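Contents: one structure, followed by commentary.
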Amino acid sequence: CKFATRVQSRLRAAFPLLFLCLFLCLFLCLFLCSLSHFLSLTFLFLSLPDFLSPSLYAIILSTFIFNGIKEAKLMNGAEAMVKCLAAEGITRIFGYPGVAISPFLDALNQDASIEHILVRQEQAAGHAASGYARVTGRPAVCVSSSGPGATNLITALATAYADSIPLIAVTGQVNSSLLGRDVFQEADMRGATESFVKYSYLVRSADEIPHVFKEAFYIADSGRKGPVLIDIPIDVQQQLLKKNFSYPETLNMRGYKPS
């Protein structure tokens, strides 16, 4: 009995050391496997000139380099949103942060040309933007997250609609795959604001962002001026554009011809 107790106590004392050794062995195996894969790919790439003509090898090498540069130049939806606002001459926006709009705010933080005015509630952001548009005579921008954050803008949007104030409301939204499933902080903002916005958008792809923003500013600031809503899911903000960013210089909307 004493011998069994002694063995048990020694095993209990040595268990952390055995666990550490097992972890180190596993880590070493993974490292060696990764290293072997890297060396094999490197050897294969360096040995290509022995099997291919110099011109074909140069084409393959330049393709890899070009694709890497192209990938580095592509921006995501959030960065495209910031570029669109800058292209419209926006230097100040009003908003309150939240998870669903955080990619946009992260991108905005990298651009010193646009100032973000932090309010204490989303409704204040809408009214502040409305007042800013009245003073400047140009469209103003307010930003909020999804769900209750976005619904807090409704009174400000209704006021801007009644007073013909050009206002752009940018709201975050839950992931595109979760739309219509009543998930946490999801709200149908297009349906909720239908009766008191000039137009509303639900962006489905990052490549749509430049055209959507161009249309939104045009609609808000032409004819009888008023608010326009742009609802952008968080995954669209994180999605890479499939082509280089280009903001439209001209716009021709078939269904909208203000006098």
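What you see is a predicted model, and the numbers here were worked out from it, not measured in a lab. Values reported hereafter were calculated over all heavy atoms of this structure, with side chains retained and with hydrogens, waters and symmetry mates removed.
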(request) Examine distances only and state if a side-chain atom of Arg181 and a backbone atom of Glu186 form a donor-acceptor pair shorter than 3.5 Å. (result) no
(message) So does Gly126 get a backbone contact from the side chain of Ser130, meaning a donor-acceptor N/O pair under 3.5 Å?
(response) no
(request) Using the rule that two of Ile, Leu, Val, Met, Phe, Trp, Tyr join whenever any of their side-chain heavy atoms come within less than 4.5 Å, decide whether Ile219 and Val212 are in one cluster. (result) yes
(request) State, to 0.1 Å, how close Ser144 and Ala150 come at their nearest heavy-atom pair, and which atoms those are. (result) OG-CA, 3.4 Å
(request) For Phe94, look at atom CZ and say whether over 12 heavy atoms of other residues, nucleotides or ligands are found less than 6.0 Å away. (result) yes
(request) Decide yes or no for Arg92 and Ile114: does some side-chain heavy atom of the first lie under 4.5 Å from some side-chain heavy atom of the second? (result) no
(request) Kindly give the heavy-atom pair with the smallest separation between Leu167 and Ala129, and that separation in Å. (result) CD1-CB, 3.4 Å
(request) Report yes or no: do Leu108 and Ile168 belong to one cluster of Ile/Leu/Val/Met/Phe/Trp/Tyr joined by side chain heavy-atom distances under 4.5 Å? (result) yes
(message) I'd like to know if the side chain of Asp207 and the backbone of Lys242 have a donor-acceptor N/O pair within less than 3.5 Å.
(response) yes
(request) Compare every heavy atom of Ala125 with every heavy atom of Cys142, then report the nearest pair and how far apart it is. (result) CB-O, 3.6 Å
(message) Just so I know, are the side chains of His127 and Thr155 near enough to count as touching, which here means a heavy-atom distance under 4.5 Å?
(response) yes
(message) Who clusters with Val183? Use side-chain heavy atoms, under 4.5 angstrom, across I, L, V, M, F, W and Y, and order the result by chain and number.
(response) Val174, Leu178, Leu179, Leu202
(request) Check whether any side-chain heavy atom of Val236 lies under 4.5 Å from a side-chain heavy atom of Ser205, and answer yes or no. (result) no
(request) Verify the neighbour count for atom NZ of Lys257: are there more than 12 heavy atoms of other residues, nucleotides or ligands below 6.0 Å? (result) yes
(request) State, with a plain yes or no, whether a side-chain heavy atom of Phe104 is found less than 4.5 Å away from one of Asn76. (result) no
(request) Report yes or no: is the cationic atom of Arg138 (NZ for Lys, CZ for Arg) closer than 6.0 Å to the six-membered ring centre of Phe217, at no more than 45° off its axis? (result) no
(message) Ignoring hydrogens, what is the shortest heavy-atom contact between Ala100 and Pro103? Give both atom names and the distance.
(response) O-CD, 4.3 Å
(message) Walk me through whether Thr193 and Ile154 qualify under side chain to side chain contact (heavy atoms under 4.5 Å, CB included).
(response) CA-CA 7 Å; Thr193 60; Ile154 288 180; 4.2 Å; yes
(request) Give a yes or no on whether the backbone of Ser176 and the side-chain of Asp235 come within a donor-acceptor separation of less than 3.5 Å. (result) yes
(message) Starting from Met81, can I reach Leu241 by hopping between I/L/V/M/F/W/Y residues whose side chains sit under 4.5 Å apart?
(response) yes
(message) Test your reading of the model: is there a side-chain donor-acceptor pair from Gln173 to the backbone of Ser146, 3.5 Å cut-off?
(response) no
(message) Around atom NZ of Lys214, are there more than 12 heavy atoms from other residues, nucleotides or ligands closer than 6.0 Å?
(response) yes
(request) Compute whether any side-chain donor of one residue and acceptor of the other, for Glu208 and Tyr201, lie under 3.5 angstrom apart. (result) no
(request) Fit a plane to each ring of Tyr247 and Phe245, take the angle between them on a 0 to 90° scale, and name the class: parallel (under 30°), tilted (30 to 60°) or perpendicular (over 60°). (result) parallel
(message) Any side-chain to backbone donor/acceptor pair from Gln239 onto Ala206? Under 3.5 Å, distance only.
(response) yes
(message) Quick check against the 3.5 Å criterion: does Glu122 have a side-chain atom that pairs as donor or acceptor with the backbone of Ser145?
(response) no
(request) Identify the two heavy atoms, one from Pro227 and one from Leu157, that lie closest to each other, and give their separation to 0.1 Å. (result) CG-O, 3.5 Å
(request) Examine Ile117 and Tyr132 and state if one hydrophobic cluster contains both, with Ile, Leu, Val, Met, Phe, Trp and Tyr joined whenever side-chain heavy atoms are less than 4.5 Å apart. (result) yes
(message) Is there a path of hydrophobic side-chain contacts, each under 4.5 Å between heavy atoms of I/L/V/M/F/W/Y residues, joining Met75 to Leu85?
(response) yes
(request) Given side chain to side chain contact (heavy atoms under 4.5 Å, CB included), test Thr159 with Ile165 step by step and report yes or no. (result) CA-CA 8 Å; Thr159 302; Ile165 305 300; over 6 Å; no
(request) Take atom CD of Glu194 as the centre, draw a 6.0 Å sphere, and report whether it contains more than 12 heavy atoms from other residues, nucleotides or ligands. (result) no
(message) Within the 4.5 Å heavy-atom criterion, are Cys84 and Ile209 side-chain neighbours or not?
(response) yes
(request) Using the side chain to side chain contact (heavy atoms under 4.5 Å, CB included) rule, take Leu105 and His116 through it: C-alpha gap first, then chi angles, then the decisive distance, then the call. (result) CA-CA 9 Å; Leu105 296 178; His116 179 267; 4.0 Å; yes
(request) For Glu88 and Ile90, indicate whether the former's side chain and the latter's backbone hold a donor-acceptor pair under 3.5 Å. (result) no
(message) For a 4.5 angstrom cut-off between non-hydrogen side-chain atoms, does Ile230 reach Val203?
(response) yes
(message) Within the structure provided, determine whether Ser246 and Pro210 are in side-chain contact (heavy-atom separation under 4.5 Å).
(response) no
(message) Restricting to non-hydrogen atoms, name the atom on Glu215 and the atom on Leu251 that form the minimum distance, rounded to 0.1 Å.
(response) CA-CD2, 3.6 Å
(request) Find out whether Pro248 and Tyr218 are in side-chain contact, i.e. whether some heavy atom of one side chain is under 4.5 Å from a heavy atom of the other. (result) no
(message) Whether Arg134 and Asp163 form a salt bridge (side-chain N of Lys/Arg under 4.0 Å from carboxylate O of Asp/Glu) is what I want to check.
(response) yes
(request) Could you check Tyr256 against Ser222 for side chain to side chain donor-acceptor pair (under 3.5 Å), going step by step and ending with a plain yes or no? (result) CA-CA 10 Å; Tyr256 180 70; Ser222 60; 2.9 Å; yes
(request) Step through the shown structure and confirm whether more than 12 heavy atoms of other residues, nucleotides or ligands are within 6.0 Å of NE2 on His211. (result) no
(message) Tell me which one of Thr171, Val170, Leu229 satisfies side chain to side chain contact (heavy atoms under 4.5 Å, CB included) with Leu153.
(response) Thr171
